[in-house]
Amino acid sequence: MALSGKASEIEAKSITKTFGAFTALERVSLTVGRGEFLTLLGPSGSGKTTFLMVLSGFEAASSGSLWVDGQDVTGLPAEARGFGMVFQGYALFPHMTVADNIAFPLRVQKRSAADVARRVEEMVAMVGLDGHAHKRPSALSGGQQQRVALARALAYGPPVLLLDEPFSALDKNLRGQMQEEMKRLHRETGTTFVFVTHDQSEALALSTRVAIFDKGRLQQIAPPEEVYERPANRFVAEFLGDINILPVGGEDGRLSFEGQPLTCDGIAKTTNHIAVRPEYMGLHLTQPAKGNAIAARLTDLTYQGAETRMGLTTPGGTQLILRQPTGVLPEGLMPGSSVWLSWPETRAFAL
Amino acid sequence: MTRTAALLGPLMLLLGLAYLLPFLGVLRWSVTLPEPGLGQYHAALTDPLVLSVFWRTLRICAVVTVVSVAAAYVVTLLWVRGSPLQRLLVELCILIPFWISVLTRAFGWLALLSNKGLLNSWLMSLGVLGQPLTLVRNEFGVIVGMVHFLIPFAAFPLATTFRGLDERVLMAARGMGASRARIFWQVMVPMTRAGVLGAALLVFVFALGFFVTPAILGGGRSVMAAELVYLRIFQSPDWGLGAAVSVILMVCVGALLALMMRQGRAGGVR
């Protein structure tokens, strides 16, 4: 595919954005690498969309600066930044055909008619919309409209593509398909992608790095494995999925949980809480011979097809969650059963 | 269903008594006076004087529609998308005249535009003009008065259209580097086309029946259809012809309203 391999690096320095008395963003600093796929993740109201709007130039930062390839673009309006953008709800021109929608940014650049036509044809093929070019957006499905929006945003080969919750209106199956599509487009164009979502699994599946926002602050920015396995704080740990948090105490230079000594690699002995993801915990009917293990009582059992989800309570009253492949569960398990939970030493981390 | 009928009943009765019955009476006059038959319709559609009034009415209404809708488009754009100060000013400029009687407004324009009116005396005292400009007692005066009256009627439906615009579509166009002129002509205008057509139809229908403004600002020289009806009935007792002209006007308005409602159902006019 003949696409310009332009990709920019963006550096945000201490961006703050206030709306009246409300602080939407507080001193957010981060760098988006050339050709990176960065996801901005957070609950609604966390500031992720505001940050994207500041990147796009549709909102001006209250303070802080923004640099693209070493150039200060803080004061530059959206129309002068030359970024591609996919809006929530697609924002297609309803009165234009698919081809005219995609041609719009090219005509703005006053390219020759032949160039526009060739480029539109390329883009239509690239997003798999052959045979739909003459249709109006209203005649297309949600997934197809999404493809038009992507094609339009990528038509002139922008150095940065910004995407605001592009999949929020699609059903689950279509989402999966579009995620694949998006990865492919990122690979083929080599452009820097900045993508906003509130869907954790989407963020983990797509990104080279994930930036997690809460209450206007950047909580952590790291590759998907790292934010999931080594969350920087409790918010990140809990936001990215189920997590078991064990209150621990230090005795005789060892950590212990409810009086039971634990072996933990690389965790400071002064830690008050350790955390383990439920999928790393194993279930046993009797106390395992070695390794970390704690006793608990099963309170709740939810069959979810391939997986079964369990709720447990320890004698000390700590609530835990466990997820196990349904196929490996011991028989006769029911609420009230006494069981043992174990986990590999390396899978626990301090919180 | 019966509940709805019971609630709507009194209104229907009022409309029937106040509008439908009298109109049926007018319809009867048009085919009975001075003698039974369709003679008055034949006369109305062949008499050069009546025809010239019809043509003038159509011409004035067409010009008034184009000018009012174009002006209302710009005004509404400021009203809906302008700065808070612009919004306030536009709102005052639309609403205050809207509350003032049509008669008062017509005389106001007369005071402003007549030969010895404010505008002419001012221009002459400045030496810009030697002779006063004839701004009233002609079609120009009628058009000015009607446009002024009708702008709010175009502005209200247009405001609804503008408020329904998806802001993100305009942002998308801007983000792609489109100039303001391009966004206006290639995105905003086409996206509001249905609202513009609806507003135009409304203004045109309204303009067809105008009486007071043309009577005062036209000064008897640019008679429009409604004034013709008045003249035929009250000045040269020719009730049959007056009634026939009324019916023809009514049919035109009815046809346009039907068109407007079909447009509305098609999802065009919001």
Side-chain angles (χ1 to χ4, degrees), chain A residues 49 52-59 76-97 100-111 116 123 136-138 145 148-166 168-169, chain B residues 69-70 73-74 76-77 80-88 157-201 260 262-270:
Chain A
T49 302
L52 190 80
M53 287 295 146
V54 170
L55 287 185
S56 68
F58 286 115
E59 293 277 4
L76 225 51
E79 51 270 41
R81 290 193 188 179
F83 294 170
M85 175 126 185
V86 175
F87 290 82
Q88 203 173 359
Y90 321 133
L92 299 175
F93 302 123
H95 56 288
M96 294 185 197
T97 62
D100 285 334
N101 262 282
I102 300 172
F104 188 88
L106 303 169
R107 291 187 179 133
V108 166
Q109 295 187 337
K110 303 217 172 1
R111 299 202 187 182
V116 170
M123 294 311 298
R136 295 276 172 96
S138 56
Q145 291 185 37
V148 179
L150 278 165
R152 186 180 66 176
L154 287 168
Y156 57 84
V160 174
L161 181 67
L162 307 174
L163 305 110
D164 185 12
E165 304 234 11
S168 58
Chain B
V69 172
Y73 198 87
V74 177
T76 314
L77 203 60
V80 176
R81 308 176 60 88
S83 67
L85 182 68
Q86 285 172 330
R87 286 183 206 201
L88 183 73
L158 280 175
T160 312
T161 306
F162 278 121
R163 294 203 174 97
L165 265 187
D166 185 350
E167 190 65 25
R168 286 173 299 198
V169 177
L170 302 173
M171 277 167 77
R174 219 182 96 199
M176 288 182 265
S179 63
R180 293 173 70 127
R182 187 186 283 267
I183 294 174
F184 182 79
W185 290 110
Q186 295 191 2
V187 181
M188 183 106 87
V189 170
M191 279 176 77
T192 49
R193 209 179 121 248
V196 169
L197 286 180
L201 219 48
M260 187 155 79
R262 246 189 54 199
Q263 269 249 324
R265 259 200 301 281
V269 185
R270 266 181 291 183

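So you know, we letter chains A, B, ... as the sequences are listed, proteins then strands, and number each from 1. Just so it is clear, the structure is predicted and the values come from calculations on it, not from any experiment.
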(message) Less than 4.5 Å to any heavy atom of chain B: does that hold for the side chain of A/Phe83, its backbone, both, or neither?
(response) backbone
(message) Under a 4.5 Å cutoff for heavy-atom pairs, which residue among A/Val108, A/Val86, A/Asp164 has the most contacts with chain B?
(response) A/Val108
(request) Under 4.5 Å heavy-atom distance to chain B, tell me which part of A/Leu92 shows up: side chain, backbone, both or neither. (result) backbone
(message) Other residues, nucleotides and ligands only: do more than 12 of their heavy atoms fall within 6.0 Å of CZ on B/Arg193?
(response) no
(request) For chain B, find which of A/Arg107, A/His95, A/Gln109 contributes the most heavy-atom pairs closer than 4.5 angstrom. (result) A/His95
(request) Return yes if some donor-acceptor pair links the side-chain N/O of A/Arg152 with the main-chain N/O of A/Pro105 below 3.5 Å, else return no. (result) no
(request) Could you label the plane-to-plane angle of the A/Phe93 and A/Phe104 rings as parallel, tilted or perpendicular, counting under 30° as parallel and over 60° as perpendicular? (result) tilted
(request) Measure distances from B/Arg182 to the heavy atoms of chain A and classify the residue's part below 4.5 Å as side chain, backbone, both or neither. (result) side chain
(request) Take B/Arg81 and B/Glu167 through the test salt bridge (charged side-chain N to carboxylate O under 4.0 Å, His left out) and record every step on the way to the result. (result) CA-CA 10 Å; B/Arg81 308 176 60 88; B/Glu167 190 65 25; 3.1 Å; yes
(request) Please look at B/Gln186 and chain A and tell me whether the side chain, the backbone, both or neither of the residue comes under 4.5 angstrom of a heavy atom of that chain. (result) both
(message) Quick check: do A/Arg81 and A/Ser56 have side-chain heavy atoms less than 4.5 Å from each other?
(response) no
